[in-house]
K.L.:
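Encoded as structure tokens, here's the structure I'll be asking about.
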Amino acid sequence: MLDNRTQKYADTLAQLIRMDTTSYDNQTDKTAFYHFHKLLKEKFPNIFSVVEYEDFSGSFLLKWKGESSQAPILLMNHHDVVAATGNWRFPPFSAEIADGKIWGRGTLDDKGGLWAMLQAADELASEGFVPKRDIYFVSTCTEEQTGLGADIISAALKEKGLRFDMVLDEGGMIVFEPIAGAIGKYAMVGVGEKGCVNLKFTARSEGGHASTPENNTPLVRLGKFMAEVDNGKQFKSELSPTVCTTFNRISKGMKGPVKFLLENAKMFKHLLSAVIPKISAAAGAMLKTTIAFTMCSGSTESNVLPESAWVLADMRYSHHQGSKDSIRVVTEIAKKYDIETEIVGPVFDSPLSDTESYAFKTVENAIARIFPDVITAPYIMTGASDSRYFSRVCDNCIRFSPFTINNEQLDSVHAVNENLDLDCLAPAVDFYRLIITEA
Ligand SMILES: [Zn+2]
């Protein structure tokens, strides 16, 4: 039996989940997103009656006028979801409630966060609350694709000359045992993300018939090149101050010699930077640039040698090595195999937020008050989020969603059976209420 508050929250969130807002590559029809805006206005009438609403091709910006002219803050999430394929326990847009959870595409990524943010604002608006400073809310419909909505909204805010004291986007959540042996619940608060660039490597030849091949044809050279790059040795592994803080916080739930090492990560940074990538690929990815080969092409006929063949790589570069040097290093290896390197698309840089900043401290304090048994640890996200665009208007973009999830739920993001515990709903609203009232 659910209490009244949770029941009411679950009903509202279920309605958001039931509206299919899947985004696609090159999507021009935004009808579903506008229906979704209409639904939000119906469900959260109090906040929508006091904010200025601005549409950006299916993404939106809300401005809640505050009492003072202090620098504003911005809270954001997104309302598009990835396609729901595969075999689901319940239909992905049914928002079924079972086993104390709500099931469906978008429960975690990211309609749960969007719902909690607007629910908190709506309650406060209905109570006659007026924020101390301007509060902006953003929700985009392109997060799962190009991020264009975040791009144009942040550009519009910059154009107005605005600077924000805090941007809070979706990101890390409250998890159990983030690394083996760290017992307890940890709020993983994203303070930045690795930069991202796509690189195309092309090998050329005279072509010819496959019956009389020469050595080192384009595909062979690409293969040798990929094998060399794959071990990752070309990139510098380093424990940045942020990663030292991550380990230091995580060590709080540990015992024994590993606790000692992580507690004193700064002192043991050379040892740790060598050992960690060998233990965990995920933890290792926080320490250095990574490269993953994702697409390729060769000849169009099975018996014809390609005149040119290419492979495409997704490179995520570390803050300490940066885009320029990471690209230079692989370009030099490519040259050894007579392969050309080309940058495809934009090069993204995302600065790290300061863990001593107002933004981080505010989120940390809200976590301590709403989730008193949780340890807060900053971390660097290896995936990309909409908030990367907002470093244009804010020095401290924080990535955190106030939900407690287990490993199974973490794996359900972008996969089958995405779900969220109903127990998480009320604390998430309380978290956003605190962020808004304390701003
Ligand atoms: Zn998301």
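Not measured: the values here are computed from a predicted model. Note that the numbering runs from 1 along the sequence shown for the chain.
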K.L.:
Does N4 CG have over 12 foreign heavy atoms under 6.0 Å away?
P.N.:
no
K.L.:
Aromatic ring centroids of F36 and F60 under 6.0 Å?
P.N.:
no
K.L.:
Is any NZ, NE, NH1 or NH2 atom of the basic residue among D122 and K43 found under 4.0 Å from an Asp or Glu carboxylate oxygen of the other?
P.N.:
no
K.L.:
Yes or no on side-chain contact (heavy atoms from CB on, under 4.5 Å) for K185 and I375, after CA distance, side-chain angles and deciding distance?
P.N.:
CA-CA 6 Å; K185 282 194 268 185; I375 298 165; over 6 Å; no
K.L.:
Between K224 and E228, does any side-chain N to carboxylate O distance fall below 4.0 Å?
P.N.:
no
K.L.:
Does the side chain of E177 come under 3.5 Å of the side chain of N407 through a donor N or O and an acceptor N or O?
P.N.:
no
K.L.:
Within the distance-only criterion (no hydrogens, no angle test), does the side chain of H78 pair as donor or acceptor with the backbone N or O of D386 below 3.5 angstrom?
P.N.:
no
K.L.:
So, do T21 and C141 sit near enough that their side-chain heavy atoms are less than 4.5 Å apart?
P.N.:
no
K.L.:
Using a strict cut-off of less than 4.0 Å between a Lys/Arg side-chain nitrogen and an Asp/Glu carboxylate oxygen, indicate whether R89 and E418 qualify as a salt bridge.
P.N.:
no
K.L.:
Do the ring planes of H79 and F33 sit parallel (below 30°), tilted (30 to 60°) or perpendicular (above 60°)?
P.N.:
perpendicular
K.L.:
What's the verdict on salt bridge (charged side-chain N to carboxylate O under 4.0 Å, His left out) for E123 and R433, showing C-alpha distance, side-chain angles and the deciding distance?
P.N.:
CA-CA 8 Å; E123 289 176 10; R433 283 183 66 114; 2.9 Å; yes
K.L.:
Would a 4.5 Å heavy-atom cut-off, applied to side chains only, mark F137 and L61 as touching?
P.N.:
no
K.L.:
For D169 and R388: C-alpha separation, side-chain torsions, deciding distance, then whether salt bridge (charged side-chain N to carboxylate O under 4.0 Å, His left out) applies.
P.N.:
CA-CA 10 Å; D169 192 11; R388 67 185 184 276; over 6 Å; no
K.L.:
Where do G345 and I343 come nearest, in terms of heavy atoms and distance?
P.N.:
O-CG2, 3.8 Å
K.L.:
Determine the minimum heavy-atom distance between Y136 and P72, stating which atoms define it.
P.N.:
CE1-CB, 3.7 Å
K.L.:
A side-chain contact here means heavy atoms from C-beta on lying under 4.5 Å apart; do F129 and V50 qualify?
P.N.:
no
K.L.:
Which value, rounded to the nearest 0.5 Å, describes the distance between D411 atom CG and N417 atom CG?
P.N.:
11.5 Å
K.L.:
Using modelled atom types only, decide if a donor and an acceptor are shared between the side chain of N396 and the backbone of S353 within a distance under 3.5 Å.
P.N.:
no
K.L.:
Is it the case that more than 12 heavy atoms not belonging to E127 sit under 6.0 Å from its CD atom?
P.N.:
yes
K.L.:
Show your reasoning for whether ring-ring contact (aromatic ring centres under 6.0 Å, His included) applies to F400 and F431.
P.N.:
CA-CA 11 Å; F400 177 70; F431 171 85; 5.6 Å; yes
K.L.:
Quick test of your reading of the model: are D325 and K236 salt-bridged, counting only N-O distances below 4.0 Å?
P.N.:
yes
K.L.:
Would you say the side-chain atoms of D165 pair up with the backbone N or O of I73, donor to acceptor, closer than 3.5 Å?
P.N.:
no
K.L.:
Side-chain polar contacts of residues 247-255 - donor-acceptor pairs under 3.5 angstrom, sequence neighbours left out - could you list them?
P.N.:
from, atom 1, to, atom 2, distance (Å)
N248, ND2, E263, O, 2.9
R249, NH1, E364, OE2, 2.9
R249, NH1, T376, O, 2.8
R249, NH2, E364, OE2, 3.3
S251, OG, N248, O, 2.7

K.L.:
Taking atom NZ of K38 as the centre, does the number of heavy atoms from other residues, nucleotides or ligands within less than 6.0 Å exceed 12?
P.N.:
no
K.L.:
Indicate the atoms forming the closest heavy-atom contact of Y432 with A120, along with that distance.
P.N.:
CB-CB, 3.6 Å
K.L.:
Is there a side-chain contact (heavy atoms from CB on, under 4.5 Å) between L312 and F201 once you walk through the steps?
P.N.:
CA-CA 6 Å; L312 196 92; F201 300 97; over 6 Å; no
K.L.:
Which distance, rounded to the nearest 0.5 Å, do you find between the CD1 of I291 and the OH of Y317?
P.N.:
13.0 Å
K.L.:
So does D423 pair up with K101, basic N to acidic O under 4.0 Å?
P.N.:
no
K.L.:
Between S385 and S387 (side chain of the first, backbone of the second, donor and acceptor by atom type, cut-off under 3.5 Å), is there such a pair?
P.N.:
yes
K.L.:
Taking the basic N atoms (NZ, or NE/NH1/NH2) and the acidic carboxylate oxygens, is any pair closer than 4.0 Å for R399 and E193?
P.N.:
yes
K.L.:
Do the non-hydrogen side-chain atoms of T404 and F176 ever get within less than 4.5 Å of each other?
P.N.:
yes
K.L.:
Considering all heavy atoms of both residues, which atom of Y389 and which atom of A150 are nearest to each other, and what is their separation?
P.N.:
CD1-CB, 3.6 Å
K.L.:
Measuring only between side-chain heavy atoms, which start at C-beta, is P402 closer than 4.5 Å to I174?
P.N.:
no
K.L.:
Go through the steps to decide whether F56 and L148 satisfy the test side-chain contact (heavy atoms from CB on, under 4.5 Å), and finish with yes or no.
P.N.:
CA-CA 10 Å; F56 290 81; L148 183 67; over 6 Å; no
K.L.:
Is NZ or CZ of K41 both nearer than 6.0 Å to the six-membered ring centre of Y53 and within 45° of the ring axis?
P.N.:
yes
K.L.:
Between H414 and D109, is there a side-chain donor-acceptor contact under 3.5 Å, judged purely by atom types and distance?
P.N.:
yes
K.L.:
If every non-hydrogen atom of T382 is compared with every non-hydrogen atom of M286, which pair is closest and at what distance?
P.N.:
CG2-N, 4.5 Å
K.L.:
So, R18 and E96, do they make that salt bridge, N to O below 4.0 Å?
P.N.:
no
K.L.:
Strictly distance-based, threshold 3.5 Å: is any side-chain N or O of N406 a donor or acceptor partner for the main-chain N or O of Q409?
P.N.:
yes
K.L.:
Under 4.0 Å between a Lys/Arg side-chain N and an Asp/Glu carboxylate O for R105 and D20?
P.N.:
no
K.L.:
At what distance, to the nearest 0.5 angstrom, does OG of S126 lie from CD1 of I47?
P.N.:
10.0 Å
K.L.:
Establish, from distance only, whether the side-chain atoms of Q119 and T12 form a donor-acceptor pair under 3.5 Å.
P.N.:
no
K.L.:
Kindly say whether G195 contributes a backbone atom to a donor-acceptor pair with the side chain of R316 at under 3.5 angstrom?
P.N.:
no
K.L.:
Taking atom CG of L352 and atom CG of D395, what is their separation to the nearest 0.5 Å?
P.N.:
12.0 Å
K.L.:
May I ask you to decide if M19's main-chain N or O and H35's side chain share a donor-acceptor pair within less than 3.5 Å?
P.N.:
no
K.L.:
Distance-only criterion, 3.5 Å: show the donor-acceptor pairs between side-chain atoms of residues 265-274 and protein atoms not counting sequence neighbours.
P.N.:
from, atom 1, to, atom 2, distance (Å)
S273, OG, K269, O, 2.9
S273, OG, H270, O, 3.1

K.L.:
Write down the atom of L114, the atom of N77, and the distance for their closest heavy-atom approach.
P.N.:
N-CG, 3.6 Å
K.L.:
Side chains of T140 and T142: is there a donor and an acceptor less than 3.5 Å apart?
P.N.:
no
K.L.:
Taking R392 first and then D151, would you say they form a salt bridge - that is, a charged N and a carboxylate O separated by under 4.0 Å?
P.N.:
yes
K.L.:
With side-chain contact (heavy atoms from CB on, under 4.5 Å) as the criterion, how do L39 and L16 come out once you've worked through the C-alpha distance, each side chain's angles and the decisive distance to 0.1 Å?
P.N.:
CA-CA 8 Å; L39 177 66; L16 308 193; 3.8 Å; yes
K.L.:
Under the 3.5 angstrom rule, does the side chain of W103 hit a backbone N or O of P92 as a donor-acceptor pair?
P.N.:
no
K.L.:
Who pairs with F235 by ring pair (Phe, Tyr, Trp, His ring centres under 6.0 Å), at least two apart in sequence or on another chain?
P.N.:
none
K.L.:
Measuring from atom CG of L410 to atom CG of L108, what distance do you get when rounded to the nearest 0.5 angstrom?
P.N.:
8.5 Å
K.L.:
Please determine, by modelled atom types, if Q7 and D3 share a side-chain donor-acceptor pair under 3.5 angstrom.
P.N.:
no
K.L.:
Out of curiosity, I367 CD1 to I435 CD1, how far, rounded to the nearest 0.5 Å?
P.N.:
8.0 Å
